[in-house]
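Before any comments, here is the structure.
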Amino acid sequence: MSALATSLIVMRWGLLSAGLMYMASIMKIKCQQNSLKAASAVFTGLGLCTSCWFVTGLLGIDFTLQNWQSMANIATDAFNYALQQSPDIFIPNNF
């Protein structure tokens, strides 16, 4: 019994996110059957966000301020590198 209680405590966020994904899927299907396109799109986004939360939790990724700053630095460096490596665009005058 204690093993079951411990596993539920350890997996609480995983179980919560799995339940939220299931509920978002069910609500999306119900909204599509009733032709509620906007609500269906909302529940699709909720399901996607929840699945991303679930995967980051499984991988042990946390989003602290330091992680956001390092991701921003990497994105800036990649963007600058891509701009430096891109060829000049040539558009002929008679195009």
Side-chain angles (χ1 to χ4, degrees):
M1 190 67 180
S2 64
L4 180 63
T6 304
S7 65
L8 287 176
I9 290 171
V10 170
M11 282 296 297
R12 65 186 180 273
W13 297 117
L15 291 173
L16 177 67
S17 60
L20 285 174
M21 285 187 285
Y22 176 75
M23 292 303 294
S25 174
I26 294 296
M27 293 303 295
K28 176 186 169 220
I29 292 169
K30 295 289 184 188
C31 289
Q32 285 179 343
Q33 289 174 348
N34 294 331
S35 298
L36 300 171
K37 302 294 183 191
S40 176
V42 168
F43 285 116
T44 300
L46 178 66
L48 286 172
C49 291
T50 308
S51 63
C52 290
W53 178 40
F54 179 70
V55 169
T56 55
L58 286 178
L59 294 174
I61 301 171
D62 58 343
F63 293 108
T64 59
L65 183 60
Q66 184 180 5
N67 287 346
W68 283 110
Q69 290 171 346
S70 66
M71 284 189 284
N73 290 338
I74 291 170
T76 304
D77 292 343
F79 183 72
N80 289 335
Y81 179 76
L83 284 178
Q84 291 172 357
Q85 298 298 322
S86 64
D88 292 333
I89 298 174
F90 175 72
I91 300 175
N93 290 335
N94 56 2
F95 184 5

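Both backbone and side-chain heavy atoms feed into the values below; hydrogens, waters and symmetry mates do not. Position 1 is the first residue of the sequence, and the numbers go up from there.
Between Cys31 and Ser40 the shortest heavy-atom distance is CB-N, 3.9 Å. Nearest heavy atom pair, residue Leu48 against residue Ser51, reads O-OG, 2.8 Å.
Note that NZ of Lys28 and OG1 of Thr44 are 4.5 Å apart. Values are rounded to the nearest 0.5 Å.
Partners of Gln33 under the side-chain contact (heavy atoms from CB on, under 4.5 Å) rule, at least two apart in sequence or in another chain, are Ile29, Lys30. With sequence neighbours left out, the side-chain contact (heavy atoms from CB on, under 4.5 Å) criterion links Thr56 to Trp53, Ile61, Phe63. With sequence neighbours excluded, no residue satisfies side-chain contact (heavy atoms from CB on, under 4.5 Å) with Ile74.
In the hydrophobic clustering of ILVMFWY residues, with side-chain heavy atoms under 4.5 Å counting as a link, Met71 and Tyr81 come out apart. Hydrophobic clustering (ILVMFWY, side-chain heavy atoms < 4.5 Å, transitive): Leu59 and Trp68 are in one cluster.
Residues Tyr22, Ile26 make up the rest of the hydrophobic cluster containing Met23, defined by ILVMFWY side-chain heavy atoms closer than 4.5 Å, directly or through other members. Through side-chain heavy atoms spaced under 4.5 Å, either directly or across other Ile, Leu, Val, Met, Phe, Trp or Tyr residues, Leu46 is tied to Met27, Phe43.
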